[in-house]
Structure formats: C-alpha cells, structure tokens
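Notes follow the structure.
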There are 2 protein chains.
Amino acid sequence: MTTAAPAPSSRDLPHPACGEIRLEGVLHALSDPVRLRIVRELAAEGVALSCSHFDLPVTKSTTTHHFRVLRESGVIRQVYEGTAKMNGLRRDDLEELFPGLLDCLLAAAAHQAVRHGEG
Amino acid sequence: MTTAAPAPSSRDLPHPACGEIRLEGVLHALSDPVRLRIVRELAAEGVALSCSHFDLPVTKSTTTHHFRVLRESGVIRQVYEGTAKMNGLRRDDLEELFPGLLDCLLAAAAHQAVRHGEG
DNA sequence: CCCGTACTACGATGGCTATCGTACGAGCCG
DNA sequence: CGGCTCGTACGATAGCCATCGTAGTACGGG
C-alpha cells in the first residue's frame, strides 16, 4: 500500500513546528485587517481554500505576502494541489498551544464586525 | 458634595472611547514582547502600577513609547498621580467589547511562558 | 506543443515603528 | 529656593512591512 507517502507535488513549503510558534507572531499576523479577514473566512468555511478563492482589496503579490505571513507565523498550513495552493487553519496545533485562543479571537472579530456594520 | 469632580492634576491624557477600540489595534499592541510583558505584569498585580515599577530591557524613552501605544490602542488607562503615572488595565471595557479575550490572551501568554522556560 | 490559470520571486517604495540620547517640564521634599 | 525623581518631547536612525508592478515558474487542458 505505502499509502503513507503523499508527495502529490514536488513543491512543499516550510512551516514552523508547533514549538516554534510564538504568541507574539500569531498576534502580529492577526493584527492586519486583510489577514484577519482571511482567517475569519477560513474559519467560517471550515475547509482549506485556495488563494484565488478570496476577493481581497489588494493585488495578487500582496495576497501572496499575506498568506506567507500567516503560514510563517503558524496560523495556517499551505499545501500545493495542482496549480492551486490550498490554505487551511492550523486549528489543532493552535488549540494545543493556546487553548481557546483562536475561538476567542474569532468571536471577538465577529463581535466587532457586528458593532461596526458589516454584520 | 460635588464629589464627582476629581481633577487631581491638570494633566490628563487622551484615551480612545470604547467604540473606538479596534481588535486589530489591540492585537498589534500585544504583539510586541515588551508590551505583552507589561500587560502580563499589570494583570498579575491586579492594580494600577507606575511606569517606574517595571524593569524593562529598554530605555525610559522607549518605555514611554510602549505605554502610549498601549493606551492609544485601548488596552490600558493612564492617570497622573503626583509625579507618577499610574497604569491600569481596561479590563471592564475590554471584557464588554471582546468577552473573554483578555483572559484568553493572558492564559496563552502564561502557557507559552511555561513552555519556554521562565516558568 | 501552446496557452491559460495560479501563484511566486524580485526590486522598489513609502510609511510605520522600536530604539536611543538629550533636553525639558511637573510635582514633591528638605 | 534647590534639587530630586518621574516622565515627556523632540530629533535621529535603522529596520521592518504593506503595497505595487513586472517578469517568471508550475501545472493542466485542448
């Protein structure tokens, strides 16, 4: 079977190990409106999404930059799938490192969104 | 009695109203190690502390800067008291705006501190 | 094989920011 | 008053960072 060897594509991306994820880095990543929006959308959909799925108010170069910041801070995991790059929240890792934090942050963001229109 | 007029000192500092506090700003404020440390210490003590109470690895100028960032982001409240400037967490305001967030962040910071020595 | 789509890499740029040093203002104490 | 402590203001600096445009790579389909 050797089903344990995925290697669907030769391109793979560097992710921080759980022990390397820093709270300050996570907070910094989420302190940008564009990135916070990305994370909120990922959480809402619940599944990995391609970069092109998002309709962001910045160019594609900048979008790439934001996704990289999220990946390098440990917030998301990125995997190539054909030409698409799928982005998924590292929910389990974050939950283990900072229990309850992600949900709390998402709730806070939702709370704020309701207050400032954009329900 | 007109006990409602404090005015203990002519100097008072501008604070954001609750409606002006933005989650992104709070996260950005807490994404700096020095500032996160300040907030953790304020939370641990539970009372307002003077700037000079903290033993930070930066000069006094920089300390002033960090306290201002915390105040302008809505995380702390600063009040002069004689020559000292007392700093207190805006726990109630933050709790109303982002329920549970502050405690969650503090727990995450504590969790990380345990993991990376400094228990 | 050619093309289109998805994303990246690189370089430039302007703005923010963490840091410092020095000089100063505000209150307290002797 | 004179000096002390606390904290600020201002200017400088260096580094980071969000943004863009252009050019390029990787993959899949006709």
Side-chain angles (χ1 to χ4, degrees), chain A residues 6-15 22 24-39 41-42 48-88, chain B residues 6-15 22 24-39 41-42 48-88:
Chain A
S9 169
S10 55
R11 302 181 280 176
D12 51 17
L13 302 151
H15 290 77
R22 298 283 300 172
E24 294 90 330
V26 171
L27 297 184
H28 173 245
L30 297 181
S31 71
D32 182 280
V34 175
R35 293 194 290 260
L36 183 57
R37 177 168 157 180
I38 291 172
V39 169
E41 204 159 332
L42 280 175
L49 298 172
S50 71
C51 296
S52 58
H53 171 275
F54 296 84
D55 186 28
L56 302 171
V58 292
T59 66
K60 274 207 292 185
S61 307
T62 307
T63 299
T64 296
H65 163 70
H66 283 310
F67 275 105
R68 184 178 13 176
V69 172
L70 285 171
R71 168 170 51 84
E72 291 179 344
S73 69
V75 177
I76 68 171
R77 191 177 301 280
Q78 295 190 293
V79 178
Y80 277 105
E81 210 156 289
T83 71
K85 193 184 198 173
M86 305 306 288
N87 305 277
Chain B
S9 169
S10 55
R11 303 180 279 175
D12 49 19
L13 301 151
H15 289 77
R22 299 282 302 169
E24 295 89 331
V26 171
L27 297 184
H28 173 246
L30 298 181
S31 71
D32 182 281
V34 175
R35 292 194 291 260
L36 183 57
R37 174 168 159 181
I38 291 172
V39 169
E41 203 159 332
L42 280 175
L49 298 172
S50 71
C51 296
S52 57
H53 172 274
F54 297 83
D55 186 28
L56 301 171
V58 292
T59 65
K60 274 206 294 184
S61 307
T62 307
T63 299
T64 297
H65 162 70
H66 283 309
F67 275 106
R68 183 176 14 175
V69 172
L70 286 171
R71 169 169 51 84
E72 291 178 345
S73 69
V75 176
I76 68 171
R77 191 178 301 279
Q78 296 190 293
V79 178
Y80 277 106
E81 211 156 289
T83 71
K85 193 185 199 172
M86 304 307 289
N87 306 275

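Proteins come first, then strands; the chains are lettered A, B, ... in the order of their sequence lines, and each starts at number 1. Here the structure is a predicted model, which is why all the values come from computation and not from measurement.
- Looking at the side chain of B/V58, the nearest of the listed nucleotides C/dA6, C/dC20, D/dC6 is C/dC20.
- DNA chain D is contacted by both A/H66 and B/H53; B/H53 maps to the nucleotide lying nearer its 5′ end (nearest heavy atom per residue).
- Place A/R71 and B/V34 on DNA chain C by their nearest nucleotides, and A/R71 ends up nearer the 5' end.
- The nearest whole Å value for the distance from the CE atom in A/M86 to the C1' atom in D/dC27 is 15 Å.
- Of the candidates A/I76, A/L70, A/V75, A/L42 forms a side chain to side chain contact (heavy atoms under 4.5 Å, CB included) with just one, namely A/I76.
- Candidate nucleotides D/dC6, C/dC7, C/dC20 were compared by shortest atom distance to the side chain of A/T64, and C/dC7 ranks first.
- Considering only residues two or more places apart in sequence or on other chains, A/T62 meets the side-chain hydrogen bond (donor to acceptor under 3.5 Å, both in side chains) condition with A/T59.
- Within 4.0 Å of A/S50, counting heavy atoms only, lie sugar-phosphate atoms of the nucleic acid but no base atom.
- At whole-Å resolution of the value, NE2 in A/H65 and P in C/dC10 are 15 Å apart.
- Proximity of A/P14 to A/E72: side-chain heavy atoms (C-beta onward) are nowhere separated by under 4.5 Å.
- Distance, A/R35 CZ to D/dT19 C1': 12 Å, rounded to whole Å.
- For the pair B/Y80 OH and C/dC28 P, the computed distance is 13 Å after rounding to whole Å.
- Separating the CG atom of B/L70 from the C1' atom of C/dT17 is a distance of 14 Å, rounded to the nearest angstrom.
- A/H28 comes within 4.0 angstrom of sugar-phosphate atoms only, judged by non-hydrogen atoms across all strands, and of no base.
- Separating the CD atom of A/Q78 from the C1' atom of D/dA26 is a distance of 16 Å, rounded to the nearest angstrom.
- Here D/dA18 presents its P atom at 14 Å from CZ of A/F67, a figure rounded to the nearest Å.
- In this structure, the side chains of A/F67 and A/N87 come closer than 4.5 Å at one or more pairs of heavy atoms.
- Residue A/T59 has its side chain nearest to D/dC20 when only D/dA18, D/dG7, D/dC20 are considered.
- Counting non-hydrogen atoms under 4.0 angstrom, A/S61 reaches a base of the nucleic acid.
- A 4.5 Å side-chain heavy-atom check between A/H53 and A/M86 finds every atom pair outside the cut-off.
- B/T62 comes within 4.0 angstrom of a base, heavy atoms only.
- Residue B/T63 places none of its side-chain N or O atoms closer than 4.0 Å to OP1 or OP2 of D/dG7.
- Rounded to whole Å, atom P of C/dA18 lies 11 Å from atom CD1 of B/I38.
- When distances run from any side-chain atom of B/K60 to the nucleotides D/dG7, C/dC7, C/dC20, the shortest one goes to D/dG7.
- Taking 4.0 angstrom as the limit, B/S52 places a side-chain polar atom (N or O) nearer than this to OP1 or OP2 of D/dG7.
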